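All figures in this text were calculated on a predicted structure; none of them were measured in a lab.
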Amino acid sequence: MQALGNDYIYVELLTQRMENPSAWARFLSRRRFGVGSDGMILICPSAKADFRMRVFNPDGSEAEMCGNALRSTAKLVYEKGFTSKTAFTVETLGGIKELFLTLEDGHVSMITASLGAPILESARVPVTLDGGDGRCIDRPVEAAGRLFRITAVSMGNPHCATFADDAAELDLPLYGAAIETHPVFPQKANVEFVRVIDENTLFMRTWERNCGETLACGTGATAAAIITNYALQHETTKYRITVPGGELHVRFSHEPGTQTYTDIRLTGRARRVFKGVFETDNF
């Protein structure tokens, strides 16, 4: 499946089993020797929610969350008949998330994920920088010879965003990788480079932790919206985020003059590209 070009291999483990998923993720994600993807998603039973989602990066590491994968998972379980609900919950390592489906002629046309509240406390992102209030907001970081001012936030996974007027032309393999692995991030970080178009529209490119540049990132879009809203004191609580793969919509509740954000919702499309069977003998 792909959501704005953010493509993952989805394996449902509701009717089958998989051993050693890290090795499978490394193998299947290779674009010439496997299927090719930004990673592998496992859809599993859950004792806490309607379903459980596990996210594996192409290097085999397991991530806490992925907004685009979460939305795609919701579409897949409905269209494959694993649920008849249009509102249900999915357990992730980043917490339990609510999903809401919009239907057209019985098919899922739009998916909204409720991502809860962002985490701004440095120790919980985690990031070792703070401005004296326990948060990393607009702090300077030098990476690959360039100075960036970053704000760090967790959306169930660690992110940092920085404003860059040249985001469209920026050398992401150089600067994204340098910030991702910077010593201030003990667990690395996903990095968003944001250009403000107007008070309701942002352009963003993402360098994903343990993956590289992707055409879209759902949790990254929410992080960019929250950070922009706070840094620039925008009155809006709705943003359209354009990314190389398309556009996402983020809305939230916000108490003006504070760093309190709640009920963050991410909306966008997802598409099933193909289905198939992989012979385990080849693995």
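Leu202 and Tyr261 fall within the same hydrophobic cluster, where Ile, Leu, Val, Met, Phe, Trp and Tyr residues are linked whenever their side-chain heavy atoms come under 4.5 Å apart, directly or through other members. A single hydrophobic cluster is not seen to contain both Tyr10 and Val273; linkage of ILVMFWY side chains at heavy-atom distances under 4.5 Å, directly or through other members, places them apart. Under the 4.5 Å side-chain heavy-atom criterion for ILVMFWY residues, a single connected hydrophobic cluster contains both Phe274 and Val11. Linking ILVMFWY side-chain heavy atoms closer than 4.5 Å, directly or via other members, places Phe148 and Trp207 in a single hydrophobic cluster. When hydrophobic clusters are built by joining Ile, Leu, Val, Met, Phe, Trp and Tyr residues whose side-chain heavy atoms come closer than 4.5 Å, directly or via intermediates, Leu28 is not grouped with Ile41.
Between the side chains of Thr214 and Glu208, at least one donor N or O sits under 3.5 Å from an acceptor N or O. Side chain to side chain, His234 and Tyr239 meet the donor-acceptor criterion of an N or O pair below 3.5 Å.
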> What's the verdict on side chain to side chain contact (heavy atoms under 4.5 Å, CB included) for Leu266 and Leu248, showing C-alpha distance, side-chain angles and the deciding distance?
Replying inline: CA-CA 7 Å; Leu266 172 72; Leu248 288 160; 4.0 Å; yes
>> Evaluate Glu142 against Arg146 for salt bridge (charged side-chain N to carboxylate O under 4.0 Å, His left out), listing each step before the verdict.
In response: CA-CA 6 Å; Glu142 185 175 338; Arg146 175 167 167 170; over 6 Å; no
>> Quick one, Phe163 with Asp165, criterion side chain to side chain contact (heavy atoms under 4.5 Å, CB included). Give me CA distance, side-chain angles, the key distance, then yes/no.
In response: CA-CA 7 Å; Phe163 295 115; Asp165 288 339; over 6 Å; no
>> Go through it in stages, so that I can follow the logic: the residues are Ile227 and Val153, the test is side chain to side chain contact (heavy atoms under 4.5 Å, CB included), and I'd like the CA-CA distance, side-chain angles, deciding distance and then a yes or no.
In response: CA-CA 8 Å; Ile227 288 166; Val153 60; 3.7 Å; yes
>> Set out, in order, the CA-CA distance, both residues' side-chain angles and the distance that settles salt bridge (charged side-chain N to carboxylate O under 4.0 Å, His left out) for Arg149 and Asp138, then state yes or no.
In response: CA-CA 5 Å; Arg149 302 196 72 87; Asp138 195 36; 3.1 Å; yes
>> As a quick check of understanding, evaluate side chain to side chain contact (heavy atoms under 4.5 Å, CB included) for Leu93 and Glu62, giving each step before the final call.
In response: CA-CA 9 Å; Leu93 287 179; Glu62 187 168 4; 3.8 Å; yes
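When atom types are taken as modelled, the side chain of Glu247 and the backbone of Val243 share no donor-acceptor pair closer than 3.5 angstrom. Remark: side-chain polar atoms of Thr73 are paired, donor with acceptor, to backbone N or O of Ala69 under 3.5 angstrom. A donor-acceptor pair is defined here as one N or O able to donate and one able to accept, closer than 3.5 Å; no such pair exists between the side chain of Asp166 and the backbone of Glu169. Formation of a donor-acceptor pair under 3.5 Å by the Asn229 side chain with backbone atoms of Glu235 is not found in this model. Within the 3.5 Å criterion, the main-chain N or O of Asn68 finds a donor-acceptor partner in the side chain of Ser72. Listed for the Lys97 side chain is a donor-acceptor partner under 3.5 Å among the backbone atoms of Gly94. Using a distance-only test at 3.5 Å, with no hydrogens or angles considered, no donor-acceptor pair links the side chain of Arg269 to the main chain of Leu4.
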Kindly list each side-chain donor-acceptor pair under 3.5 angstrom involving residues 106-121, sequence neighbours excluded, with atom names and distances?
residue, atom, partner, partner atom, Å
Ser109, OG, Thr102, O, 3.2
Thr112, OG1, Thr267, OG1, 2.7

Sequence neighbours left out, cut at 3.5 Å: what donor-acceptor pairs do the side chains of residues 126-134 make with other protein atoms?
residue, atom, partner, partner atom, Å
Thr128, OG1, Val184, O, 3.4
Asp130, OD1, Gly132, N, 2.7
Asp133, OD1, Arg135, N, 3.0

Distance-only check: which donor-acceptor pairs under 3.5 Å involve side-chain atoms of residues 172-179, not counting sequence neighbours?
none

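Applying the side chain to side chain donor-acceptor pair (under 3.5 Å) rule to pairs touching residues 31-46 yields Asn6-Asp38, Asp7-Arg31, Ser29-Ser37, Arg31-Asp38, Ser46-Glu91, sequence neighbours excluded. Listed by first and then second residue, the side chain to side chain donor-acceptor pair (under 3.5 Å) pairs involving residues 150-164 are Asn157-His159, Asn157-Thr219, His159-Glu192, His159-Thr219 (not counting sequence neighbours).
With salt bridges taken as basic N to acidic carboxylate O contacts below 4.0 Å, one links Arg205 and Glu213. Salt-bridge annotation for Arg209 and Glu64: present, with a side-chain N of the basic residue lying under 4.0 Å from a carboxylate O of the acidic one.
Interatomic distance, NZ of Lys75 versus CG of Leu99, reported as 13.0 Å (0.5 Å rounding). Annotation: the span from Lys188 atom NZ to Cys160 atom SG amounts to 14.0 Å, rounded to 0.5 Å. Taking CD of Gln2 as the start and OH of Tyr8 as the end, the distance is 12.5 Å to the nearest 0.5 Å. The CG atom of Asn210 sits 11.0 Å away from the CD atom of Gln187 when rounded to the nearest 0.5 Å. Expressed to the nearest 0.5 Å, how far CG of Asp59 lies from OG of Ser22 amounts to 9.0 Å. The line from CD1 of Ile226 to CE of Met155 is 6.5 Å long, rounded to the nearest 0.5 Å.
Between Gly67 and Met65, the closest heavy-atom pair is N-CE, 3.9 Å. Looking at every heavy atom in both residues, Asp263 comes nearest to Arg265 through OD1-NE, 3.0 Å. The shortest non-hydrogen separation linking Glu180 to Phe185 is O-CB, 4.2 Å. A pairwise comparison of heavy atoms in Pro45 and Arg52 identifies O-CB, 3.5 Å as the closest pair.
In this structure the side chain of Ile43 reaches within 4.5 angstrom of the side chain of Val77, judged on heavy atoms. Contact of the Ile9 side chain with the Trp24 side chain is not registered, since no non-hydrogen atoms from C-beta on lie closer than 4.5 Å. Using a 4.5 Å heavy-atom threshold, the side chains of Tyr78 and Thr86 count as touching. No side-chain heavy atom of Val250 sits less than 4.5 Å from a side-chain heavy atom of Lys238. The shortest side-chain heavy-atom distance between Ile96 and Lys48 falls under the 4.5 Å cut-off. Proximity of Val191 to Thr206: side-chain heavy atoms (C-beta onward) are nowhere separated by under 4.5 Å. Taking the side chain as every heavy atom from C-beta outward, Leu76 and Phe82 never approach each other to under 4.5 Å. Met204 places none of its side-chain heavy atoms less than 4.5 Å from the side chain of Thr242.
Only one option out of Phe278, Phe56, Phe33 pairs with Phe27 in a ring-ring contact (aromatic ring centres under 6.0 Å, His included); it is Phe278.
Remark: Asn20 engages no residue in a side chain to side chain donor-acceptor pair (under 3.5 Å) (not counting sequence neighbours).
Proximity of the aromatic rings of Phe203 and Phe193 is defined here by a centroid distance below 6.0 angstrom, and this criterion is not met.
Within 6.0 Å of CD on Gln233 lie more than 12 heavy atoms contributed by other residues, nucleotides or ligands.
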